[in-house]
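The structure displayed is predicted, hence computed values, not measured ones.
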Amino acid sequence: MNTIAVLPTYNEAENLKILIPQLLKIENVFVLVVDDSSPDNTLEVINILKKKYPEKIFFFQRKEKG
(Lines give C-alpha, C1' and ligand atoms only; values in the text may rest on other atoms or scores of the structure.)
Protein backbone atom coordinates (compact mmCIF):
# COMPACT_ATOMS: atom_id res chain seq x y z
CA MET A 1 0.00 0.00 0.00
CA ASN A 2 1.27 3.48 -0.92
CA THR A 3 1.18 6.53 1.33
CA ILE A 4 1.11 10.18 0.27
CA ALA A 5 2.57 12.73 2.67
CA VAL A 6 0.93 16.10 1.95
CA LEU A 7 3.13 19.02 2.99
CA PRO A 8 1.40 22.42 3.03
CA THR A 9 4.13 25.04 2.82
CA TYR A 10 4.83 28.74 2.98
CA ASN A 11 8.51 29.73 3.31
CA GLU A 12 9.64 26.20 4.14
CA ALA A 13 12.41 25.77 1.54
CA GLU A 14 15.14 25.06 4.11
CA ASN A 15 12.96 22.60 6.03
CA LEU A 16 11.99 20.72 2.86
CA LYS A 17 15.65 20.05 2.07
CA ILE A 18 15.78 18.01 5.28
CA LEU A 19 12.24 16.64 5.56
CA ILE A 20 11.63 15.25 2.07
CA PRO A 21 14.72 13.01 1.86
CA GLN A 22 13.87 11.64 5.31
CA LEU A 23 10.27 10.91 4.33
CA LEU A 24 11.36 9.19 1.12
CA LYS A 25 13.46 6.71 3.10
CA ILE A 26 10.15 5.13 4.10
CA GLU A 27 9.01 2.40 1.74
CA ASN A 28 6.06 3.25 -0.54
CA VAL A 29 5.89 6.93 0.48
CA PHE A 30 5.25 9.72 -1.99
CA VAL A 31 5.31 13.45 -1.24
CA LEU A 32 2.88 16.12 -2.41
CA VAL A 33 4.00 19.67 -1.63
CA VAL A 34 1.19 22.26 -1.69
CA ASP A 35 2.79 25.69 -1.67
CA ASP A 36 1.17 29.10 -1.25
CA SER A 37 3.54 30.91 -3.66
CA SER A 38 6.39 31.11 -1.16
CA PRO A 39 8.84 33.93 -1.80
CA ASP A 40 11.75 31.88 -0.41
CA ASN A 41 12.47 29.79 -3.54
CA THR A 42 10.53 26.75 -2.38
CA LEU A 43 9.87 25.90 -6.04
CA GLU A 44 13.62 25.81 -6.78
CA VAL A 45 14.20 23.44 -3.87
CA ILE A 46 11.41 21.15 -5.07
CA ASN A 47 12.81 21.13 -8.61
CA ILE A 48 16.23 20.09 -7.30
CA LEU A 49 14.70 17.33 -5.17
CA LYS A 50 12.52 16.16 -8.08
CA LYS A 51 15.68 15.51 -10.10
CA LYS A 52 16.85 13.12 -7.40
CA TYR A 53 13.41 11.56 -6.77
CA PRO A 54 11.51 12.13 -10.04
CA GLU A 55 8.67 9.68 -9.44
CA LYS A 56 8.21 10.34 -5.72
CA ILE A 57 7.60 14.11 -5.45
CA PHE A 58 4.62 16.07 -6.70
CA PHE A 59 4.11 19.82 -6.46
CA PHE A 60 1.06 22.06 -6.51
CA GLN A 61 1.43 25.83 -6.21
CA ARG A 62 -1.47 28.02 -5.21
CA LYS A 63 -1.51 31.60 -6.46
CA GLU A 64 -1.76 33.13 -3.00
CA LYS A 65 -1.51 32.24 0.65
CA GLY A 66 -4.79 30.73 1.81
Visitor: Got a donor-acceptor contact below 3.5 angstrom from the K56 side chain to the V29 backbone?
Guide: yes
Visitor: More than 12 non-hydrogen atoms from neighbouring residues, nucleotides or ligands closer than 6.0 Å to CD1 on I4, yes or no?
Guide: no
Visitor: Once you round to the nearest 0.5 Å, how far does CD of E12 lie from CG of D36?
Guide: 11.0 Å
Visitor: Could you tell me whether the side chain of L49 reaches within less than 4.5 Å of the side chain of P21, counting heavy atoms only?
Guide: yes
Visitor: Considering all heavy atoms of both residues, which atom of A13 and which atom of D40 are nearest to each other, and what is their separation?
Guide: N-OD2, 3.0 Å
Visitor: Under a 4.5 Å side-chain heavy-atom rule over Ile, Leu, Val, Met, Phe, Trp and Tyr, are V6 and F60 clustered together?
Guide: yes
Visitor: Which atoms form the tightest heavy-atom contact between L43 and F59, and what is the distance?
Guide: CD1-CE2, 3.3 Å
Visitor: Before giving the answer on side chain to side chain contact (heavy atoms under 4.5 Å, CB included), spell out for L16 and V31 the whole-Å C-alpha distance, their side-chain angles and the decisive distance to 0.1 Å.
Guide: CA-CA 11 Å; L16 293 176; V31 174; over 6 Å; no
Visitor: If you round to the nearest 0.5 Å, how far is OH of Y53 from CG of L24?
Guide: 6.0 Å
Visitor: If hydrophobic clusters are built by linking Ile, Leu, Val, Met, Phe, Trp and Tyr wherever their side-chain heavy atoms come under 4.5 Å apart, do F30 and V34 end up in the same one?
Guide: yes
Visitor: To the nearest 0.5 Å, what is the distance between CD1 (I48) and NZ (K17)?
Guide: 7.0 Å
Visitor: For residues T42 and S38, report the shortest heavy-atom separation together with the two atoms involved.
Guide: OG1-CB, 3.4 Å
Visitor: Roughly how far, to the nearest 0.5 Å, is the CD atom of E14 from the CD1 atom of I18?
Guide: 7.5 Å
Visitor: With rounding to the nearest 0.5 angstrom, report the NZ to CD1 distance, K52 to I20.
Guide: 12.0 Å
Visitor: Test side chain to side chain contact (heavy atoms under 4.5 Å, CB included) on L7 and L23; report intermediate values, then the result.
Guide: CA-CA 11 Å; L7 305 177; L23 283 171; 4.1 Å; yes
Visitor: Do you see a donor-acceptor pair shorter than 3.5 Å between the side chains of N47 and E44?
Guide: no
Visitor: For K50 and I57, indicate whether the former's side chain and the latter's backbone hold a donor-acceptor pair under 3.5 Å.
Guide: yes
Visitor: If you compare all heavy atoms of S37 against all heavy atoms of Q61, which two are closest, and at what distance to 0.1 Å?
Guide: CA-NE2, 3.4 Å
